[in-house]
Amino acid sequence: MPTFALLGLPIYGLLIQRAAALAPPNDDQWAQLNGTVGGHLYTSLPLASSCFSTVNGMPSTVNATECALVQQGYLDPDFRSVHYSAHMLPQWETCQSTVQRCLLNSNDPSDPTAWEGKECFQGAIAPRYIDVRSEQDILAALSFVNETGIPFSIKASGHDYKGRSSFGSLSLWTRNLDSLSYSADFTPEGGNESYPAVTIGAGVPFEDVYDFAEENNITVVGGYHQTITASGGWVQAGGHSVLSPVYGLGIDRVLQYKIITLDGVVRTANKFQNSDLFWALRGGAGSTFGVVLESSMLVEPQMSLRVAAISFNQTAENAPGFLQLIVDNAYKWGQEGWGGHMGPASLINVNPLLTLEEAQASVQPLMDYALAQNGTAVVEDLPSWESFFEKYVESAEASVGVQTILGSRLIPTDPFFTDADSKQALLDVMNKMIDTYAVNPYIIQGTPFLYNYTEGTTSATPAWRNSLWELGIHQNMNYNATLDTMFAQYEIVNNITKWMRELAPDSGAYINEANPYEPDYECNHFLGPNYPALLELKDKYDPFRLLDCWMCVGWKGAADERYSCYLNISTSY
Ligand SMILES: Cc1cc2nc3c(=O)[nH]c(=O)nc-3n(C[C@H](O)[C@H](O)[C@H](O)COP(=O)(O)OP(=O)(O)OC[C@H]3O[C@@H](n4cnc5c(N)ncnc54)[C@H](O)[C@@H]3O)c2cc1C
Ligand SMILES: *[C@@H]1O[C@H](CO)[C@@H](O)[C@H](O)[C@H]1NC(C)=O
Ligand SMILES: *[C@@H]1O[C@H](CO)[C@@H](O)[C@H](O)[C@H]1NC(C)=O
Ligand SMILES: *[C@@H]1O[C@H](CO)[C@@H](O)[C@H](O)[C@H]1NC(C)=O
Ligand SMILES: *[C@@H]1O[C@H](CO)[C@@H](O)[C@H](O)[C@H]1NC(C)=O
Ligand SMILES: *[C@@H]1O[C@H](CO)[C@@H](O)[C@H](O)[C@H]1NC(C)=O
Ligand SMILES: *[C@@H]1O[C@H](CO)[C@@H](O)[C@H](O)[C@H]1NC(C)=O
Ligand SMILES: *[C@@H]1O[C@H](CO)[C@@H](O)[C@H](O)[C@H]1NC(C)=O
Ligand SMILES: *[C@@H]1O[C@H](CO)[C@@H](O)[C@H](O)[C@H]1NC(C)=O
Ligand SMILES: *[C@@H]1O[C@H](CO)[C@@H](O)[C@H](O)[C@H]1NC(C)=O
Ligand SMILES: *[C@@H]1O[C@H](CO)[C@@H](O)[C@H](O)[C@H]1NC(C)=O
Ligand SMILES: *[C@@H]1O[C@H](CO)[C@@H](O)[C@H](O)[C@H]1NC(C)=O
């Protein structure tokens with residue numbers, strides 16, 4: 001078996017040459033790997049392949065039963081979450097640069113023109129994956145990767161907006177690491193302090209965590225979508241919640257990670273041991289330092305929440321006035337402990353601190369505005385996070401099964417919410433998005449605004465700490481968009497992100513929810529001044545650079561062959 005492990009050359013440039021010179025693993029090697037992972041190695045085809053009569057250039061038998069199931073589940077995050085080859089944003093199932101894909105029509109998944117007379121291509125789906133069930137599976141996989149030099153990826157839910165859970169010759173699918181436990185006095189290993197905490201396996205979706213929290217009469221601070229993986233990319237890169245304004249980001253609340261670093265060592269990282277790794281994992285992003293097995297997060301007692309839900313039909317005339325009210329109230333809301341998701345004609349905000357009467361008074365001007373537009377406005381008290389999530393979030397969360405590009409920026413509190421001219425500049429940018437491109441601003445009041453942060457404890461961009469909003473936009477692409485259309489749509493996203501960057505040049509962007517072609521990824525935007533230290537830790541814990549992903553710490557760069565499916569869009573504009 002060829003192995004560069006014997007060369008013992010932890011030198012980056014040489015290593016790539018050696019790895020590239022290795023022959024791909026043969027059938028015997030794969031079979032051997034399969035043996036060491038208890039038969040959990042599988043080959044994979046694209047989600048909708050059963051609908052097509054030509055798959056990867058070969059004639060294929062259509063399975064109408066399977067195809068019907070895929071159509072039915074196409075837009076359902078729960079369906080996608082349990083299928084290895086499904087990603088929430090299906091462009092990451094495709095090779096965008098060659099327009100090779102295997103998608104159904106998101107506007108109508110039963111539309112047969114998607115597959116009739118069309119070919120299905122593997123795209124960005126790794127052709128083999130391990131359905132990971134244990135530490136041993138991961139250790140065997142890492143050792144195989146180390147010996148063969150093959151590129152690999154890690155996939156939990158497939159929520160990634162930047163394709164970081166796609167690609168490679170082998171994928172480790174962690175969805176079935178589904179352990180979940182609660183301890184009222186969890187003590188981080190090596191420590192002498194205890195906290196109420198949940199310990200969540202790497203594959204558990206937030207909806208299961210929220211059910212579990214409800215059963216245990218506790219509150220877990222988590223994301224605004226049912227199938228995001230709590231211990232995956234969310235808690236390794238930031239992790240915002242509408243409760244973050246009071247209770248902090250996911251990275252603030254995590255007490256401990258268990259991880260297998262790429263040197264093949266199982267480690268516990270917390271503030272008492274492997275504390276450098278603990279810092280790096282708290283913001284440095286997924287797919288960088290190893291395969292996380294589980295994380296333990298601080299919990300709050302069960303709490304009731306005040307909820308404001310307001311919406312009306314948007315028109316060119318009524319949107320600017322509502323945005324104006326949102327901007328004018330945002331700072332006060334921050335001080336009052338509100339978090340929420342807002343747009344030009346809607347908001348769903350929650351507050352754990354105010355009374356119902358205070359909450360009503362706080363949002364009254366927006367209720368009046370919406371009612372004058374014949375819209376709807378409710379302020380109510382709900383007994384728990386789960387009751388809020390089920391009533392409001394599951395019907396309002398971002399849709400999946402549709403190719404979606406995102407751009408975003410963290411908007412600093414000062415001056416944008418303290419100074420009249422800056423407020424106006426912020427409003428101008430939001431109105432310009434609507435007027436120029438018919439793109440709605442998506443406002444998330446989800447930064448740790450009131451949270452008492454201890455300086456230096458996390459590695460995400462410090463821009464989180466003095467911002468009030470994450471301002472973003474979504475752009476959907478048709479399932480059959482041509483290359484020209486894709487470029488044109490990215491150009492819109494690039495133009496809008498540029499406006500936001502120019503508005504707040506010294507701020508940053510949330511690495512998980514940024515434009516995939518954000519320029520200057522390392523210095524200013526995602527990790528800021530933490531980048532050099534993160535790069536050092538990358539070398540320490542992944543000395544052979546086995547793990548690589550798009551714009552991740554220490555990545556090989558856009559020109560590397562593994563990124564050939566990304567569009568050639570300049571990131572230096
Ligand atoms: C519809 C939607 C709603 C969202 N809402 C929110 C929100 O409310 N708040 C928020 O903060 N973010 C939100 N996000 C962004 C989300 O945090 C990121 O997409 C995140 O990367 C998802 O992590 P995942 O593990 O679930 O997804 P995946 O795509 O499976 O993985 C994401 C990244 O983490 C890596 N990774 C996953 N598991 C592991 C592991 N065990 N060890 C090491 N690396 C791992 C992957 O390799 C990849 O790089 C949302 C995304 C979508 C699509
Ligand atoms: C990878 O190879 C190096 C060099 O031989 C070795 O030191 C290391 O333990 C290997 N790592 C894994 C995870 O097998
Ligand atoms: C791995 O082994 C299992 C059990 O024997 C088998 O079902 C599976 O098809 C094998 N995987 C591959 C890729 O051959
Ligand atoms: C077709 O798909 C169904 C549903 O997944 C499956 O049960 C059945 O075995 C498949 N049939 C064939 C011939 O593969
Ligand atoms: C925990 O340990 C630290 C330092 O090791 C010490 O200062 C502190 O008093 C200890 N706390 C408890 C509750 O024992
Ligand atoms: C749930 O927790 C709340 C807040 O701590 C407490 O007031 C309540 O009594 C608990 N309920 C049950 C059934 O334990
Ligand atoms: C609201 O409804 C009333 C009664 O149907 C109608 O007269 C009015 O024009 C509507 N207002 C708006 C802003 O649509
Ligand atoms: C909004 O528009 C929809 C569709 O035209 C209509 O059914 C609904 O009544 C309108 N709502 C309001 C508040 O005007
Ligand atoms: C932050 O600390 C201050 C001072 O100790 C305290 O009054 C405040 O309640 C804390 N804020 C939060 C959100 O915990
Ligand atoms: C995309 O699909 C839609 C619906 O099937 C069709 O109307 C349209 O012409 C297609 N566009 C392209 C570019 O093929
Ligand atoms: C993007 O901005 C550039 C520079 O202002 C402009 O030339 C171009 O037309 C814009 N693209 C789109 C799609 O509007
Ligand atoms: C990407 O485009 C640039 C110029 O637009 C060109 O120099 C470069 O070679 C292209 N890269 C690839 C991989 O096609």
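In listed order, ligands and their atoms are each counted from 1. Bear in mind the structure is a predicted one, so any value in this text is a computation, not a measurement.
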Q: Give me the atom names and distance for the closest heavy-atom approach of Q96 to L483.
A: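 Scanning both residues completely, I find the closest heavy atoms to be O-CD1, 3.4 Å.
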Q: Taking the cut-offs as 6.0 angstrom to the six-membered ring centre and 45 degrees off its axis, would you call R80 and Y74 a cation-pi pair?
A: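 Ring-cation test returns yes.
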Q: Would one find an N or O of N146, backbone or side chain, under 3.5 Å from an N or O of ligand 2?
A: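 Min N/O separation from ligand 2 is below 3.5 Å for N146.
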Q: Does I130 form a side chain to side chain contact (heavy atoms under 4.5 Å, CB included) with L170? I'd like the steps, not just the answer.
A: CA-CA 8 Å; I130 297 170; L170 175 67; 4.1 Å; yes
Q: Show which atoms of ligand 2 fall inside a sub-4.0 Å distance from at least one heavy-atom site of F544.
A: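 Checking each atom against F544, I get 3 (C), 4 (C).
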Q: Taking only heavy atoms of G264 into account, list the atoms of ligand 2 that are under 4.0 Å away from them.
A: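 Selected atoms, number and element: 13 (C).
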Q: Is the shortest distance from a heavy atom of L546 to ligand 2 less than 4.0 Å?
A: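 No, L546 has no heavy atoms under 4.0 Å from ligand 2.
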Q: Tell me whether the count of non-hydrogen atoms from other residues, nucleotides or ligands lying under 6.0 Å of CD in E536 goes above 12.
A: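 Not more than 12 within 6.0 Å, no.
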Q: Only heavy atoms of S143, strictly under 4.0 Å: list the atoms of ligand 2 that pass.
A: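 In order of numbering, the contacting atoms are 14 (O).
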Q: Near ligand 4, which residues have a heavy atom under 4.0 Å away from one of its atoms?
A: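 Residues within 4.0 Å of ligand 4: N63, E66.
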Q: Identify, by atom number and element, the atoms of ligand 2 in contact range of L262, meaning under 4.0 Å from any of its heavy atoms.
A: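 So the answer, numbered in order with elements, is 13 (C).
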Q: Classify the ring geometry between W92 and Y566 as parallel (under 30°), tilted (30 to 60°) or perpendicular (over 60°).
A: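 Rings of W92 and Y566: tilted, 30 to 60°.
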Q: Name the residue from R164, K162, Q236 that meets the side chain to side chain donor-acceptor pair (under 3.5 Å) definition with N512.
A: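 Answer after filtering R164, K162, Q236: R164.
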Q: Kindly say whether the aromatic ring centers of W173 and Y42 come within a distance under 6.0 Å.
A: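 Ring centres of Y42 and W173 not closer than 6.0 Å.
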Q: Kindly compute the distance separating CZ (F278) from CZ (F289), expressed to the nearest 0.5 Å.
A: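 Spacing of CZ (F278) from CZ (F289) equals 13.5 Å.
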Q: What closest approach, in Å, do L471 and P441 show between heavy atoms, and which atom pair accounts for it?
A: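 So the minimum-distance heavy-atom pair works out to CD1-CB, 3.9 Å.
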